[in-house]
Amino acid sequence: MAALLELRDVSKAFGGLQVIDHLNLHVDEGEIVSVIGPNGAGKTTVFNLITGIYHVDSGEIVFEGDKVSGLPPHAITNRGIARTFQTLRLFLNMTVLENVMAAEYGQTKATALEAMLQLPRARREEKRIRKVAEEKLAFFGQRLAGYRHDQPAYSLSYANRRRLEIARAMATNARLLLLDEPAAGMNPHETHEITELIGKLRDDADYSILVIEHDMHVVEGISDRVIALDHGVKIAEGLFDEVATHPLVIEAYLGVRAEAEAV
Amino acid sequence: MSSLGGGQPGEGGLPAAAPEPVDAPDRVKVGVDEWVAEAEGRRAARSGLTGALVRVWERLPAPARLAILIGPFAIFPFITNEGNLYRYGLITIIYALLALGLNVVVGFAGLLDLGYVAFFGVGAYLYGIMASGHSGHHLQAEIAIPIVVISTALFGLLLGLTSWRLLGDYLAIVTLFFLQAFVIFVNNANGGLNDFSYPFVGKVDLTGGSNGLDQIDPLNFFGYHITTTKGYYFFTLISITLLMTMLYFVNGSRTGRAWRALREDPLAAEVMSVPVNRLKLLAFMFGAATAGFSGTIYGAVQSGAFPGDYDVGLLITIYAIVILGGLGSIGGVVIGALVVNGAPELLRSSSNARFLFYGVLLLALFIAMRPWYKPVVVLLGTIAFGFAVHGIASAVWSRGTAGHIEGGGQLGRALEHWVLLPRNTSSIAGWAYFALIVAALVLTLLRGWWRALALIPTLYLASFVWENKLVEQVSGATRLILLGGLLVVIMNVRPSGIFGTSRVEIA
Amino acid sequence: MNWSLFFGELVSGLTLGSIYALIALGYTMVYGILKLLNFAHGDVYMVGAFVGFFVLKWLGGPLAPAVTGWLAVAIMFTVAMLACGALGVGIERFAYRPLRNAPRIAPLISALGVSIFLQNSALLLWGPQFRDYDTFDLVGVKSYHIGTNFFISNVQILTISVSIGLTILLALVISRTRTGKAMRATSFDRDAAEMMGISIDRVISFTFFLGSALAAAGGIMFGLVFGQIFSLMGFTAGLKGFTAAVVGGIGSIPGAVLGGFLIGLTEAFATGYLPGGSVYANLYVFALLIVMFLIRPTGLLGSPVIQKV
């Protein structure tokens with residue numbers, strides 16, 4: 001089976017700093033892949049490259065067999081890749097429901113003129129995406145249910161903001177979700193809940209998932225495969241246990257060699 | 001202040017004088033996360049009439065709100081004369097129409113376009129070129145208006161292209177420069193000695209230069225001429241009603257949501273499938289077309305287009321309208337236009353202006369100061385202070401009380417015994433103006449009874465400056481001084497405007 | 001080629017440019033530290049010119065100054081720079097500081113309000129008419145020539161050299177003094193600087209003081225070079241000063257100077273050489289700004305910004 005997403009020999013530099021160095025990476029249909037690595041390893045840059053916020057210097061990114069590197073971000077999203085942000089970037093002054101509906105822009109066609117005159121297509125689409133948005137929010141059970149729909153996003157708790165970001169990404173009709181540290185800043189209970197949620201996203205909603213995560217319990221709990229990055233280079237790949245015990249990974253996190261030399 | 005919002009800092013909305021770290025816990029950050037998060041609470045807690053009105057207003061269905069806003073305007077022509085209809089009615093709704101377009105660009109999409117009123121001018125001039133005695137062409141309005149609207153939209157598209165690469169402040173300066181460029185152009189494009197020589201046609205008198213483009217035709221739809229003020233008034237009123245309705249629908253549509261998303265966070269919007277660049281252009285084009293349309297009406301109403309009408313003065317007026325009404329609030333624009341255009345129109349005659357000035361001071365005093373006896377004390381104190389000063393002055397400095405208030409009516413005559421009116425005022429009044437500004441600024445640093453105490457001489461000083469200086473130029477500089485000051489004060493006290501909802505923004 | 005026209009425009013371009021450079025420095029410093037476009041800056045420049053004028057009047061006027069001409073000019077510079085420095089500090093304190101944590105659009109609109117307020121206050125107090133500096137009578141304008149085509153007056157030399165001198169002084173203040181270091185730290189990361197014990201308020205006030213004082217110097221130079229000032233002179237000059245700052249790369253001190261000279265030269269040469277230049281020179285400056293944004297949005301000496309996500 002061909003990979004859903006494939007990074008082929010991708011490189012990216014900022015000034016003289018090589019942030020991503022000839023990286024190869026793939027996510028298969030229905031897979032949950034975790035990217036780990038110390039701070040500054042280039043994990044978020046990978047996300048920014050995939051979603052088109054940064055342009056690759058060399059190499060290409062292929063989604064469902066088509067090259068997507070070089071497309072503007074919104075076009076990439078329309079192909080079926082959506083992400084969340086490590087530092088939450090919700091539309092804070094819009095309501096919860098609007099946040100989700102805004103992400104359905106790419107799936108609607110009605111022009112501003114049609115909306116002004118309330119022509120049938122505009123009204124039909126509006127009805128449809130409202131329903132879709134409510135469905136996506138329903139995925140989170142009571143957390144984002146009912147009366148919360150019309151509250152502004154800024155009134156949500158931190159954990160709920162993370163959930164809303166995921167709902168928003170789901171609403172773009174994505175097949176692949178990129179989750180950037182979904183458990184960051186959550187307490188153990190919420191972390192547990194988000195771990196279950198990610199599994200549910202794959203099992204019940206058929207998303208493939210690429211996730212950056214620092215919490216090793218989460219990584220262990222969800223990953224089919226783990227990729228470790230350091231300084232933009234892939235240093236290990238495989239099952240959680242293999243990667244977690246890989247000497248290069250341990251070195252990247254703990255700096256073993258440097259210490260050994262010092263002694 | 002408690003009637004406006006209990007969470008605002010202190011009484012005057014300005015933080016304490018002592019320098020304190022930015023993150024001091026006791027300083028309320030206007031417009032920032034937790035402040036806005038409490039907005040619901042503050043609104044619910046609003047006491048008395050204001051709170052009740054706001055709650056009722058918010059529960060009304062949209063058509064009812066539109067009717068309440070537009071209804072009085074529809075009745076107005078039947079209860080007033082031609083001159084008042086023109087000054088208070090027609091100009092106000094033309095400005096409101098213009099502000100509606102700006103509201104799309106700035107309020108919805110969050111693009112700070114300071115070149116906006118240039119499109120208003122483009123509309124007027126373009127219509128003038130197509131239909132006036134000056135140019136010799138006389139196109140019908142049903143052809144000319146679509147041409148104007150489409151061409152201004154294209155101009156908007158061109159200016160909007162800069163927004164692809166420029167954010168916030170950069171966009172502001174480029175668009176402001178664009179406005180300046182427009183003004184320079186229309187001031188000189190009279191085919192004169194220094195003007196451009198165009199390819200193929202050579203020198204052409206496009207705009208009439210600094211004399212303006214005169215003899216613009218009245219709007220002529222299929223042979224039916226709009227000639228009366230009332231005619232233009234209803235034409236504009238219908239246009240604005242339709243536009244408000246359409247904007248209401250757009251605001252609730254995918255386009256409106258995308259605009260707001262782009263205002264909130266352009267990058268997140270782009271990643272969430274919104275083609276941000278296209279929507280920026282759309283906002284610019286929409287705004288420009290609206291401005292062009294209203295400019296056409298304005299040109300026809302004035303039967304001329306003059307460079308000075310489309311300058312920064314108008315820009316500030318329209319911004320004040322949009323901001324006072326609340327960025328992004330469709331209905332607020334109408335109220336904003338009424339306040340910003342209606343009130344200064346009253347200023348045009350100095351006896352009206354006097355009533356307005358003291359009226360607003362009194363009102364502000366009683367709204368802003370709690371408990372109730374404080375403003376009473378201040379008021380009585382100021383009156384006594386004035387008579388004391390006047391008494392002393394008439395004894396020792398006869399020149400200081402020698403002046404007269406001309407055409408002041410009863411209020412004016414009464415004031416002659418209270419406020420100092422030196423005969424040769426210009427330099428004294430200049431220093432007093434300066435002192436007044438300093439005093440007003442110092443007031444913002446004081447608290448409690450100290451502020452009330454300091455308010456007494458400040459108020460007296462204000463009325464001195466008003467009678468001796470400001471009143472001279474009520475329709476010119478004074479008006480813009482007040483508008484400029486108003487913008488600063490609104491930004492400090494209530495950045496969301498009267499009708500706007502408070503927004504949260506995290507840096 | 002008409003060399004006398006060429007050199008004439010060159011000298012007047014450099015003179016104009018040195019005035020724009022002084023204005024641009026204020027924009028660039030404030031922007032570097034507050035990320036705020038200080039619309040009122042152009043009006044501070046105008047106020048500076050007027051303060052200079054009133055000092056001159058107080059000294060007995062250009063025809064019969066109480067002290068010698070050059071000393072009078074020096075006093076005008078000093079008083080105007082101090083007064084406008086204080087004005088700048090006041091503007092920041094009352095119109096911008098309360099908004100430091102407000103939504104981004106708020107301080108911009110506040111700045112617009114301050115600008116219109118200052119401009120119309122000047123109109124109210126001093127009227128729309130031109131005021132004469134009478135430079136000829138004040139200092140006795142002399143013209144020097146090199147070769148047959150290159151002319152430069154003592155006032156032009158003064159303007160260019162004072163401008164360069166002030167810029168060097170500013171560069172020294174920023175690079176050598178404690179406050180200068182605090183300014184650089186603040187412009188780099190305000191929050192971090194504050195946590196390191198730098199008094200942000202004081203640094204910002206100081207920045208406004210410096211920037212406004214430089215603008216006042218520019219205003220007086222304008223008066224000396226053109227012999228006249230008027231209450232609406234601030235708006236266009238402010239626009240061009242900001243354009244200079246942007247073209248040079250906002251936040252960069254040498255960039256502001258470079259941009260200033262570039263704008264001045266563009267304006268002068270457009271006046272002399274381009275069609276309609278005598279009335280449309282500002283349109284050409286505008287075109288330069290647009291072209292600059294298209295090819296290098298960060299300006300000549302600005303560093304590219306990487307968007308953080």
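For the numbers below, each heavy atom of this structure counts, side chains included, while hydrogens, waters and symmetry mates do not. Below, chains carry the letters A, B, ... as their sequence lines are ordered, and counting in each starts from 1.
- Contact of I81(A) with chain B is not made at all, since no heavy-atom distance falls under 4.5 Å.
- Only the side chain of L279(B) comes within less than 4.5 Å of a heavy atom in chain A; its backbone stays farther off.
- Judged by the 6.0 Å distance and 45° axis criteria, R168(A) is positioned over the aromatic ring of F91(A).
- For N277(B), there are no side-chain hydrogen bond (donor to acceptor under 3.5 Å, both in side chains) partners, not counting sequence neighbours.
- Heavy-atom pairs under 4.5 Å with chain A peak, among M272(B), E270(B), R254(B), at R254(B).
- Highest contact tally toward chain A, considering only S253(B), G252(B), A261(B), is held by A261(B) [criterion: heavy-atom pairs under 4.5 Å].
- Look at R260(B) and E98(A) and you find a salt bridge, because one of the NZ, NE, NH1 or NH2 atoms lies within 4.0 Å of a carboxylate O, short of that distance.
- Between W259(B) and F108(B), the ring planes lie tilted relative to each other; the angle falls in the 30° to 60° range.
- Looking only at heavy-atom pairs under 4.5 Å with chain B, the residue among A169(A), A82(A), A103(A) that has the most is A103(A).
- Residue contact with chain B, scored on non-hydrogen atoms closer than 4.5 Å, involves the side chain of I129(A) exclusively.
- Interface summary for chain A: among A268(B), A258(B), G256(B), the most heavy-atom pairs under 4.5 angstrom belong to A268(B).
- Counting only residues at least two apart or on different chains, the salt bridge (charged side-chain N to carboxylate O under 4.0 Å, His left out) pairs with a member in residues 112-127 of chain A are E114(A)-R121(A), E126(A)-R257(B).
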- Task: Could you walk me through whether L23(A) and L229(A) pass side chain to side chain contact (heavy atoms under 4.5 Å, CB included), step by step?
- Result: CA-CA 9 Å; L23(A) 179 68; L229(A) 288 186; 3.6 Å; yes

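- There is no contact between A122(A) and chain B, counting heavy-atom distances below 4.5 Å.
- Around the CZ atom of R130(A), the shell of radius 6.0 Å holds no more than 12 heavy atoms that belong to other residues, nucleotides or ligands.
- Neither the backbone nor the side chain of Y248(B) comes within contact range of chain A, judged by heavy atoms closer than 4.5 Å.
- Interface remark: of the candidates V276(B), T255(B), L282(B), T255(B) forms the most heavy-atom pairs closer than 4.5 Å to chain A.
- With respect to chain B, the highest number of heavy-atom pairs below 4.5 Å among P72(A), A174(A), G106(A), A110(A) belongs to A110(A).
- For chain B, the nearby part of T172(A) is the side chain; its heavy atoms alone come within less than 4.5 Å.
- Note on ring orientation: taking the six-membered ring where Trp is involved, the planes of F221(B) and F235(B) are tilted (angle from 30° to 60°).
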